Protein chains: 2
Amino acid sequence: MTDVKSGNNPLFLREEELRQSIELLFFAYRDFTAGPDAILKQYNFGRAHHRVIHFVGRNQGMTVSELLDILRITKQSLSRVLSTLIDRGYIEQRPGQRDRRQRLLFLTEKGQQLEQQVSQVQRELVAKAFREAGGDAVAGYRKVLAGLIDEKDRDKALGRIERR
Amino acid sequence: MTDVKSGNNPLFLREEELRQSIELLFFAYRDFTAGPDAILKQYNFGRAHHRVIHFVGRNQGMTVSELLDILRITKQSLSRVLSTLIDRGYIEQRPGQRDRRQRLLFLTEKGQQLEQQVSQVQRELVAKAFREAGGDAVAGYRKVLAGLIDEKDRDKALGRIERR
DNA sequence: AATATATGTCAACATGACTGACGTAAAATC
DNA sequence: GATTTTACGTCAGTCATGTTGACATATATT
């Protein structure tokens with residue numbers, strides 16, 4: 001079957017396999033974000049708010065610049081999203097102790113509840129996929145995804161994920 | 001170390017593991033799309049154009065509705081992107097033979113070249129991650145990602161990926 | 001002949017990205 | 001102590017990509 005197209009080209013299967021894996025990631029990510037999107041829509045929040053809530057929740061007291069570095073967006077883009085979250089009482093800022101120029105970011109009680117709610121849907125989805133795939137598969141999944149992270153800041157990213 | 005936070009709660013590690021895996025997917029996807037984004041920017045194309053070129057390239061002669069179903073966007077959203085690609089000669093439409101209401105989508109020569117160029121960057125990234133992670137890991141990666149796809153149309157999506 | 005389907009299009013709008021410039025307070029350095 | 005750098009905020013304008021709803025046209029189906 002594949003032979004029809006591949007002929008005797010040994011590289012074909014490889015390329016085909018890669019293309020399939022790329023599409024798989026596309027579809028998985030599409031559905032991975034669908035749950036949170038739907039919940040946040042009820043609050044008039046979007047994916048951008050989700051990311052902010054997620055990362056602040058996992059790094060209470062983080063600085064604005066650290067958040068910018070993670071999200072890879074400009075501060076003007078962040079600004080709107082962040083202001084909304086602060087205005088509506090999901091996030092609060094406190095000046096840094098050591099460096100009082102900093103405005104450290106914290107989830108409020110309300111923010112934590114939302115984070116919890118949204119994150120739970122996503123965790124359940126992932127947990128289900130993990131259970132079905134089994135432990136070895138999960139290890140492989142992690143290994144490959146780690147390898148997809150840009151080498152230049154892979155260590156930084158992995159450090160962020162694990163330092164807890 | 002984890003004990004400090006987890007105490008004797010057996011669910012903590014599990015939740016923590018899930019949260020880490022979620023973030024991993026975020027970072028991986030972010031960098032996975034960065035390469036194509038950069039190339040397409042030179043053509044004044046965005047991620048939306050990329051997706052169209054990708055899927056039409058993998059399904060020459062597909063219908064507009066099939067594409068809409070894959071992308072999960074409205075036809076008005078697709079319309080703009082598609083019109084641009086047609087106007088600029090990357091995609092052409094031909095009426096269906098059996099059903100002449102359909103406008104089947106094809107990459108032009110030019111479109112194929114662009115698809116090839118963009119896809120190569122992405123395939124190289126994935127190939128590198130695969131090589132580093134090893135065959136077992138790749139199998140696991142695929143298994144987990146397949147499990148993340150919405151159950152309702154998982155078979156449909158997987159069928160699309162593999163039917164070649 | 002009536003209805004359903006595949007596709008396109010118009011108008012209006014929301015979100016989340018961008019650039020570039022400027023301001024302010026605090027820290028760091030000379 | 002004065003100067004420079006850093007952390008953050010903000011203003012104004014733009015762009016890309018998504019949305020809804022209504023309507024049009026050609027072709028297929030009943």
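Here is the naming used below: chain letters follow the sequence lines, and residue numbers restart at 1 for every chain. Because only heavy atoms are used, hydrogens play no part in the values below, and waters and symmetry mates are left out as well, while side chains stay in. Keep in mind that what you see is a predicted model, and the values were worked out from it rather than measured.
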>> Output the rounded distance in Å from CG (B:L67) to P (C:dT7).
In response: 10 Å
> For B:I91, which of B:T108, B:V81, B:L82 qualifies under side-chain contact (heavy atoms from CB on, under 4.5 Å)?
Replying inline: B:L82
> Closer to the 5' end of DNA chain C via nearest nucleotide, is it A:R103 or A:R51?
Replying inline: A:R51
> Going by modelled atom types, is there a donor-acceptor pair between the base of D:dT27 and the side chain of B:R100 at under 3.5 Å?
Replying inline: no
> Among D:dT19, D:dA28, C:dT7, which nucleotide sits nearest the side chain of B:Q102?
Replying inline: C:dT7
>> On DNA chain C, does the nearest nucleotide to A:H49 precede the nearest nucleotide to B:I86 from the 5' side, or the other way round? Give the residue.
In response: B:I86
> Can you find a donor-acceptor pair, distance only, under 3.5 Å between B:R80 side chain and C:dG8 base?
Replying inline: no
>> Measure CG/A:N44 against P/C:dT15 and give the value in whole Å, please.
In response: 7 Å
> Just by distance, do the side chain of A:R88 and the backbone of A:Y43 share a donor-acceptor pair under 3.5 Å?
Replying inline: yes
> On DNA chain D, nearest-nucleotide positions of B:V81 versus B:Q97: which is more 5'?
Replying inline: B:V81
> Should A:Q93 be listed as having a side-chain N or O under 4.0 Å from OP1 or OP2 of D:dG9?
Replying inline: yes
>> Is it the case that the base of C:dA28 and the side chain of A:R101 share a donor-acceptor contact (distance under 3.5 Å, atom types as modelled)?
In response: no
> For the side chain of B:Q76 and the base of D:dG18, is some donor closer than 3.5 Å to an acceptor across the two?
Replying inline: no
>> Nearest whole Å is fine: how far is C:dA17 P from B:K41 NZ?
In response: 14 Å
> To the nearest angstrom, how far is B:R98 atom CZ from C:dA6 atom C1'?
Replying inline: 14 Å
>> Whole angstroms only, please: what is the NE2-P distance between A:H50 and C:dA17?
In response: 13 Å
> Is the distance between the ring centroids of A:Y29 and B:F32 under 6.0 Å?
Replying inline: no
> Do NZ/NE/NH1/NH2 and the carboxylate oxygens of B:E162 and B:R142 come within less than 4.0 Å?
Replying inline: no
> Does a salt bridge link B:R58 with A:E16, judged by any charged N lying under 4.0 Å from a carboxylate O?
Replying inline: yes
> Is there a side-chain polar atom (N or O) of B:T74 under 4.0 Å from OP1 or OP2 of D:dG18?
Replying inline: no
>> Nearest whole Å is fine: how far is C:dT9 C1' from B:D87 CG?
In response: 14 Å
> B:D37 CG to C:dA17 C1': how many Å, rounded?
Replying inline: 12 Å
> Quick one: which of D:dG18, C:dG8, C:dC18 gets closest to the side chain of B:K75?
Replying inline: C:dG8
> Expressed in angstrom and rounded to an integer, what is the separation of B:I73 atom CD1 from C:dT15 atom P?
Replying inline: 19 Å
> Does B:S79 make a side-chain N or O approach to OP1 or OP2 of C:dG8 shorter than 4.0 Å?
Replying inline: no
